[in-house]
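Lettering follows sequence order; numbering is per chain, from 1. If you're wondering where the values come from, they're calculated on a predicted model, not measured in any experiment.
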Amino acid sequence: MLNWLIKSEPDVFSIRDLEKVEQEPWSGVRNYQARNFMWRDMKVGELALFYHSNANPPGIAGVARVASAAYPDPTQFEKNGEYYDPKATEEKPRWYLVDFEHVATFDELLPLTVMKADDVLSEMLVCQKGTRLSITPVEDKHFNHVLDLAGVTI
DNA sequence: GCCAACGTTGGC
DNA sequence: GCCAACGTTGGC
């Protein structure tokens, strides 16, 4: 059982948006490392911290759960879509995704500034300068510490 | 809006 | 297979 952190721009898709849908296909990831995490490593039922990037302020907004096995990202085949990949074919897809479902929304966002100032959480990849990866694994101690600070029990 | 960090592309 | 150029991410 692994834990994850997934980034989303709240202007595009926020934790509130996740509350409203039953399951959300995590489409549009076009980074091989992030794809491999979804395709190879994620298992149904695993939990992910839902991080608001490009936000004011940025930080962790809640928790999501892996709700499906990996399958080809349909947006890679949409010719006029933003995420079209001409090198991908139905027979040989390049991009895979999983669905996420909502688990919890924090009463208050846990801001990146607070995480960086925390002795434990400052070790997290998302706190390191220059980490642009949109999906990262999260250690148990970090995951649990975030839930503690947010006052959330799952 | 700036810019540092980093991934990807493509010429050679 | 190297690496310069370019594009993107994302905090500030």
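Not one side-chain nitrogen or oxygen of A:Tyr32 sits closer than 4.0 Å to the OP1 or OP2 atom of B:dT9. For C:dG10, the OP1/OP2 oxygens have a side-chain nitrogen or oxygen of A:Lys7 closer than 4.0 Å. Contact between the side-chain N/O atoms of A:Lys129 and the OP1/OP2 oxygens of C:dT9 is not found at any separation under 4.0 Å.
To the nearest angstrom, C1' of C:dG7 lies 14 Å from CG of A:Asn31. The distance from atom CD1 of A:Ile135 to atom C1' of C:dT9 is 15 Å, rounded to the nearest whole Å. Between the CD1 atom of A:Ile6 and the P atom of C:dG10 there is a distance of 13 Å, given to the nearest Å. Per the geometry, CG belonging to A:Asp11 stands 14 Å off P belonging to C:dT9, to the nearest Å. Computed from coordinates, the A:Asn56 CG to C:dC12 P distance equals 11 Å when rounded to whole Å. Taking atom CD on A:Gln33 and atom P on C:dT8, their separation rounds to 19 Å, with Å as the unit. Following rounding to the nearest Å, A:Gln128 (CD) and B:dA4 (C1') show an atom-to-atom distance of 15 Å.
The aromatic ring centroids of A:Tyr32 and A:Trp39 lie 6.0 Å or more from each other.
Toward the 5' end of DNA chain B, the nearer of the two residues A:Asn54 and A:Arg94, judged by each one's closest nucleotide, is A:Asn54.
Under the 4.5 Å side-chain heavy-atom criterion for ILVMFWY residues, no single connected hydrophobic cluster contains both A:Tyr51 and A:Ile15.
The aromatic rings of A:Phe50 and A:Phe13 are tilted relative to each other, their planes meeting at an angle between 30° and 60°.
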**OP:** Check the pair A:Asp73 / A:Arg30 against salt bridge (Lys or Arg N to Asp or Glu O under 4.0 Å), numbers first and verdict last.
**Re:** CA-CA 10 Å; A:Asp73 180 345; A:Arg30 294 293 180 268; 3.0 Å; yes

